[in-house]
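Note that the numbering runs from 1 along the sequence shown for the chain. Bear in mind the structure is a predicted one, so any value in this text is a computation, not a measurement.
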Amino acid sequence: MNKLERFIREIPKAELHLHIEGSLEPELLFDLAGRNGLKLKYHSVDELKQAYSYGNLQDFLDIYYAGAVALREELDFYDLTLAYLRKARKQNIVHAEIFFDPQTHTSRGISFDTAISGILRGLEDGKRETGITGRLIMCFLRHLDESSAFETLESALPYKNHIVAVGLDSSEKGHPPSKFTRVFEKALAEGFLTVAHAGEEGPAEYIREALDLLKVSRIDHGYAAIDDPELLNRLIREKIALTMCPLSNQMLKVYPDLTLHPLKKMLDMGVKVTVNSDDPAYFGGYVNENFLSIAGALGLTREDILQLAVNSFEASFLDPEEKQRWIDAVLNYSLP
Ligand code: HPA
Ligand code: ZN
């Protein structure tokens with residue numbers, strides 16, 4: 001292992017863009033299907049893994065929603081969450097802000113309470129075991145309609161103290177942030193922070209809408225800003241972080257060639273860029289593999305890695321004192 005690789009692996013990091021359903025590893029998927037008496041289309045873990053190849057975001061989403069069918073009981077969501085935290089611990093992730101998609105479950109008859117109770121219990125026991133602090137972000141599926149999002153928001157109100165923010169994910173093209181302006185207005189009024197996937201496959205205009213209409217604190221992905229100097233300046237001026245996911249971008253053909261990825265250009269301009277794993281079980285790697293791939297493709301330096309790690313805490317929803325404590329730990333970090 002060279003020195004930069006060791007630095008990447010060992011430095012403390014926060015993960016800010018992780019779909020818990022996307023951390024369902026094929027082995028666990030098979031176990032859960034077995035204990036829930038479900039028959040899968042695939043006969044083995046290897047056969048399932050063969051299917052993990054995508055031409056675009058929608059190809060992936062079809063497979064991701066099919067995989068989520070294995071999650072049925074509260075214990076399944078608990079096991080899923082704990083499995084992610086155990087992986088994250090090994091990568092020196094010390095804080096994780098985790099998305100979940102309630103509509104992926106409620107639409108097939110699994111209650112909101114079943115899903116969130118399992119995840120929250122997983123976060124609690126996981127914190128005890130790994131020390132990782134977790135926050136939960138509830139995403140609305142943007143391919144569904146406004147009334148379904150309102151219904152989901154209503155179900156979340158009793159859990160207000162356990163959900164830090166609401167977000168927006170699923171099929172981007174044709175489903176602009178403006179479709180959910182009123183839902184996000186209500187969420188903001190109820191005290192939730194907001195984030196949104198924008199500019200992954202969609203245009204820069206969707207990033208503007210997320211900022212202007214949904215009042216987001218950060219943008220998930222955000223690559224489309226690279227061709228829009230005015231928007232780039234705004235992201236820098238307003239210190240809006242972008243949660244980037246290089247292996248996802250490679251797998252979903254957003255940037256099939258990672259040497260063309262805009263991460264380094266944006267970082268050098270002063271955009272608050274972060275590195276995350278998105279759906280690690282489906283894209284071939286957790287946070288450190290994402291760091292290693294993009295560092296290799298773009299020739300990132302130790303200073304770049306340090307900045308990315310600092311950004312991960314600065315852009316987090318931790319309290320100011322907790323943020324500062326971790327930023328100091330990152331800046332003081334040196335290899336023995
Ligand atoms: N983009 C949009 N929706 C998603 C993703 C993603 O990368 N992962 C899970 N849902
Ligand atoms: Zn995502």
Side-chain angles (χ1 to χ4, degrees), residues 16-24 32 36 38 61 64-82 84-85 96-127 133-172 175-198 210 213-218 220 279 317:
L16 306 180
H17 186 154
L18 177 277
H19 301 263
I20 198 67
E21 294 89 349
S23 73
L24 178 55
L32 298 183
N36 289 324
L38 302 170
L61 289 170
Y64 163 92
Y65 295 127
V69 167
L71 298 160
R72 298 202 60 86
E73 307 292 333
E74 196 248 26
L75 182 63
D76 303 340
F77 291 92
Y78 172 85
D79 287 347
L80 176 69
T81 306
L82 205 52
Y84 165 69
L85 292 173
E97 302 190 353
I98 297 174
F99 296 130
F100 79 120
D101 289 340
Q103 290 153 298
T104 297
H105 314 300
T106 52
S107 64
R108 54 190 179 83
I110 309 299
S111 77
F112 185 98
D113 303 276
T114 297
I116 196 168
S117 304
I119 296 169
L120 288 175
R121 202 160 61 77
L123 285 175
E124 207 176 291
D125 285 0
K127 162 93 174 21
T133 47
R135 297 278 188 282
L136 203 51
I137 302 175
M138 177 179 84
C139 281
F140 302 110
L141 299 184
R142 67 203 304 159
H143 68 276
L144 300 179
D145 62 18
E146 186 197 42
S147 73
S148 175
F150 266 124
E151 220 175 278
T152 305
L153 181 57
E154 209 55 48
S155 308
L157 294 181
Y159 297 95
K160 219 156 122 172
N161 295 338
H162 298 285
I163 300 173
V164 68
V166 299
L168 194 60
D169 67 0
S170 191
S171 324
E172 186 180 6
H175 302 285
S178 50
K179 183 174 164 186
F180 297 95
T181 303
R182 298 190 324 159
V183 179
F184 275 62
E185 271 170 7
K186 168 108 200 285
L188 286 158
E190 291 286 354
F192 295 101
L193 295 167
T194 61
V195 298
H197 283 53
L213 305 177
L214 310 188
K215 313 279 188 238
V216 295
S217 303
R218 49 184 200 235
D220 298 311
D279 301 282
F317 294 139

OG/S155 to CG/D113 distance, rounded to the nearest 0.5 angstrom?
-> 7.5 Å
Partners passing side-chain contact (heavy atoms from CB on, under 4.5 Å) against N36 (at least two apart in sequence or in another chain) = L32, L38, R72, E73, D76
Neighbour count >12 (heavy atoms, 6.0 Å) for atom CZ, R108 | yes
With H162 via side-chain contact (heavy atoms from CB on, under 4.5 Å) - residues at least two apart = L120
Who passes ring-ring contact (aromatic ring centres under 6.0 Å, His included) against Y64, sequence neighbours left out?
-> F60
Please lay out, stage by stage, how H175 and H197 fare under the test ring-ring contact (aromatic ring centres under 6.0 Å, His included).
-> CA-CA 11 Å; H175 302 285; H197 283 53; over 10 Å; no
Looking at C139 and D101, what are the two nearest heavy atoms and their distance?
-> CB-OD1, 3.4 Å
Between S148 and Q103, a side-chain donor and acceptor under 3.5 Å = yes
What closest approach, in Å, do S217 and F317 show between heavy atoms, and which atom pair accounts for it?
-> CB-CE2, 3.8 Å
Could you please spell out the steps behind the side chain to side chain contact (heavy atoms under 4.5 Å, CB included) verdict for I137 and V166?
-> CA-CA 5 Å; I137 302 175; V166 299; 5.7 Å; no
Looking only at heavy atoms, what is the nearest atom pair of F112 and T106, with distance?
-> N-CG2, 3.7 Å
F192 side chain near V164 side chain, heavy-atom distance below 4.5 Å | no
Give me the ring orientation class for F99 and H17: parallel if the planes are under 30° apart, tilted from 30 to 60°, perpendicular past 60°.
-> perpendicular
Just by modelled atom types, is the E185 backbone N or O under 3.5 Å from a matching donor or acceptor in the K215 side chain?
-> no
With sequence neighbours left out, the residues meeting ring-ring contact (aromatic ring centres under 6.0 Å, His included) with F150 are none
Should the pair K160-E190 be classified as a salt bridge under the 4.0 Å nitrogen-to-oxygen rule?
-> yes
Side chain to side chain contact (heavy atoms under 4.5 Å, CB included) between I20 and I119: does it pass, once the steps are laid out?
-> CA-CA 9 Å; I20 198 67; I119 296 169; 4.1 Å; yes
Donor-acceptor pair, K179 side chain versus D145 backbone, under 3.5 Å?
-> no
Give the ring-plane orientation class for F77 versus H105, where under 30° counts as parallel, over 60° as perpendicular and anything between as tilted.
-> perpendicular
Could you tell me how the ring of F180 sits relative to the ring of F140: parallel (under 30°), tilted (30 to 60°) or perpendicular (over 60°)?
-> parallel
Looking at residues at least two apart in the chain, or sitting in another chain, which of them share a side-chain contact (heavy atoms from CB on, under 4.5 Å) with E74?
-> T114, S117, R121
S170 and Y65: which non-hydrogen atoms are nearest, and at how many Å?
-> OG-OH, 2.8 Å
Going through the distances and angles, do D220 and D169 end up as a side chain to side chain contact (heavy atoms under 4.5 Å, CB included)?
-> CA-CA 9 Å; D220 298 311; D169 67 0; over 6 Å; no
State, to 0.1 Å, how close T81 and G122 come at their nearest heavy-atom pair, and which atoms those are.
-> CG2-C, 3.8 Å
Indicate the atoms forming the closest heavy-atom contact of P102 with M138, along with that distance.
-> CG-CG, 3.5 Å
Salt bridge (Lys or Arg N to Asp or Glu O under 4.0 Å) filter on E97, not counting sequence neighbours, yields R218
Note, Y78 side chain near L82 side chain (heavy atom, < 4.5 Å) | yes
